[in-house]
Amino acid sequence: MAQLISSLPPQPKPATIPHNHRYNHLLSSLSSATSLSHVKQAHAQLLRSGLDRSSPLLLKLVLSSFSLSPSLDYALSVFAQIPDPQTRISNRVLRELSRSSKPEKTLLVYKKLRRDGSGIDRFGFPALLKASSRVEALIEGMEIHGFSAKLGFDSDPFVQTALLGMYATCGRIWDARKVFDKMSHRDVVTWSIMIDGYCQSELFEDVLVLFEEMKSSNVEPDEMIFSTILSACGRAGNLSYGKAIHEFITEKNMVTDPYLQSALVTMYASCGSMELAQNLYNRLSPKNVVVSTAMVTGYSKLGKVEAARLIFDQMAEKDLVCWSAMIAGYAESEQPREALELFNEMQDWGIKPDQVAMLSVVSACAHLGALDRAKWIHNYVDDHGFGEALPINNALIDMYAKCGSLAEAQEVFSRMRRKNVITWTSIINAFAMHGDAGNALKLFYQMKSGNIVPNGVTFIGVLYACSHAGLVDEGRKIFASMVNEYGITPKHEHYGCMVDLLGRANLLGEALELVEQMPLAPNVIIWGSLMAACRVHNEFELGKFAAKRLLELDPDHDGAHVLLSNIYAKERRWEDVGKVRRLMKHRGVYKERGCSRIELNNEIHEFLMADRNHKQAEEIYAKLDEVVGELKLIGYAPNTCDVLVDLDEDEKMEMVLWHSEKLALCYGLLREEKGMSIRIVKNLRICEDCHAFMKLVSKVYQRNIVVRDRTRFHHYKDGLCSCKDYW
DNA sequence: CTAGGGTTAG
């Protein structure tokens, strides 16, 4: 057919070809067109043949342009050339646009139609409203609502359902409900949008009530509405209702539906019960990719990444989504090396990452904290066309900051043409975690003057910065403005920052007052912050109180046990010390083993505490002896107060000296060129002794040392640390 | 000619 079209004479002779022949010919050309150039040729013929008012042909032309054009622009220009398009043509254009990748263009066409006074009927409104929902354009949606009412279409059930959906996706659940209540006829689709709206607004109780109402109004539930309900059960953590729905579905023989299978697995996983998910999964045969991926994600989110890997390895065919689920699983389970390894393996299989997969990879590298690897990934991002994507750039800022390079984080930030609240939050947080409160606050004010509205996450970074710089009044003001100016309800994290802020400034009474007055029940974060402040300021009584509250909530919290036993030791209450120790032994509480990484020549070296597995272990321990000797000359004495196990003082001293960050540091001293910074990433918080040790080494050996611990960065230079000894 | 509303895994 392509041959036929291109061999047509440029000027068909109208006189010799009958009208309906030309009509049929063009119609069949358009129907069989397989590329945009065919459509363009047919378009040209259409214009020449005098059939350019024939609406079936024009409709066919518009539809072919939409389905064959790589961009929507050609289709839109075809549409624009139609002098006075019939309503059914413009309806189709609205429909195509509203489902396209550029739904906002629907609203532009709407405005044009309104300007031209062209008709929009009850078939056009659902498309317009769908477009408004997709871009969350509430104002436009309401205007369209008004217009549809003026024309009397707001009593059409399809228009009403679309209105309902528009309000629900724009977060206006009560406006949605108003439309719903006015409807005289509701079918399963109506109920399903309404229920999904409640689910999106996290009104899970209402979801279940509504579902009961639906059943009693004799509307038969279908597969789709069950998957909506199941997701509500999962998000609400309502396992018993979820199970009931499962039984219901089983009775109706619907468990063969792949959508429902994955909805069930996701529901069980969100309720924390992978046993039930696995139970169901075992009975499925064959198992499709989607449900297997749901299993992988379910296990990963519960921290059972090995179980996830087992499912993953058993999958017969693997697509991009399941690869990225597994990569994200490792990235979020603190196994960034496995995540990056898997990413390489995925590429070996010839699977190209998309933006979502790329985000997991960037985040894995952020967890890893390896700067050279970060630069490699940044290059990869640019080379594979992700360099302009906003979410990717936001993740790059975070990655560079967590790999210790504020400069590169800033570089990414300043090159970005578009910035959103996440961009600003990321750069503010970057400065905050490096202890540069001045720049963090400067950026915060810059952001506000640029009319970017901060959200709850932004304030965590800003308050964190204030706390670590001792800016008490500034912090108080900002906390107040968060509540009063921005109407953000503080969460535990915010109160935790405030407790930290006050605690650091030795305003422990005020910190306690805040804890007692806050409307939330204090959790592990809050008591942990208070306890840490007490540790720094040697506030034994309050420290014991906070540690005990913490242990009530988390009986296995290692830090609280350590603090309690240390305080008892300082008070020479040996019996209590013994009690705590026995309790810990009984409960099997022990500190997560310290682990530090250092990257040298693109290779990542990992050290566990007291690790002798490294191939240069001998040299490293010799270097350690040398460094310790050197430091002792200027007054260093190992400080064993953070050592947890019950040992005599000499043994404790050895334990402290074998902390993983000291081993990594010595390896860095051996291998890293003079003048280069030594960068270490640690899984736990750095202990007092290692902190003092790093400071001294930075002075004696004239080295800049950068240590990332569990919560922040320490930059050591000339015997001082950027954290000013509070962390 | 015959158009419109709701789903699944990262």
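On a predicted model such as this, the values are computed, not experimentally measured, just so you know. Chain letters run A, B, ... following the sequence lines, proteins first, then strands; residues in each count from 1.
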Closer than 4.0 angstrom, basic N to acidic O: yes or no for E220(A) and K252(A)? yes
Would you sort out whether R172(A) and E136(A) count as a salt bridge (charged side-chain N to carboxylate O under 4.0 Å, His left out), showing the intermediate values? CA-CA 11 Å; R172(A) 300 290 284 256; E136(A) 293 189 29; over 6 Å; no
Round to the nearest Å and state the distance from N24(A) atom CG to dC1(B) atom C1'. 13 Å
Nucleotide by nucleotide, nucleotides 2-7 of chain B touches protein heavy atoms under 4.0 Å in the pattern (B base, S sugar-phosphate only, - none) -BBBBB
Between P on dC1(B) and CG on L57(A), what's the gap in Å once rounded to a whole number? 14 Å
Once you apply a heavy-atom cut-off of 4.0 Å, does N288(A) come out as touching a base, just sugar-phosphate, or nothing? nothing
Could you pull out every donor-acceptor pair under 3.5 Å between side chains of residues 264-272 of chain A and any protein atom, sequence neighbours left out?
from: T266(A); atom 1: OG1; to: S262(A); atom 2: O; distance (Å): 2.8
from: Y268(A); atom 1: OH; to: H246(A); atom 2: ND1; distance (Å): 2.7
from: S270(A); atom 1: OG; to: T266(A); atom 2: O; distance (Å): 2.6

Should P353(A) and M346(A) count as side-chain neighbours, where that means a heavy-atom distance under 4.5 Å? yes
Can you tell me the distance, in whole Å, between the CE atom of M274(A) and the C1' atom of dA9(B)? 12 Å
What's I195(A) touching, base or sugar-phosphate or nothing? Going by heavy atoms closer than 4.0 Å. nothing
Go through R92(A) and E96(A) one step at a time and tell me if the salt bridge (charged side-chain N to carboxylate O under 4.0 Å, His left out) criterion holds. CA-CA 6 Å; R92(A) 283 312 286 260; E96(A) 295 300 325; 3.7 Å; yes
I311(A) has an atom CD1; how far is it from atom P of dA9(B), in whole Å? 17 Å
Between P on dA9(B) and CD1 on I327(A), what's the gap in Å once rounded to a whole number? 19 Å
Heavy atoms of C199(A) and T228(A) approach each other most closely as SG-O, 4.4 Å
Value in whole Å for how far the C1' atom of dT8(B) lies from CG of L320(A): 16 Å
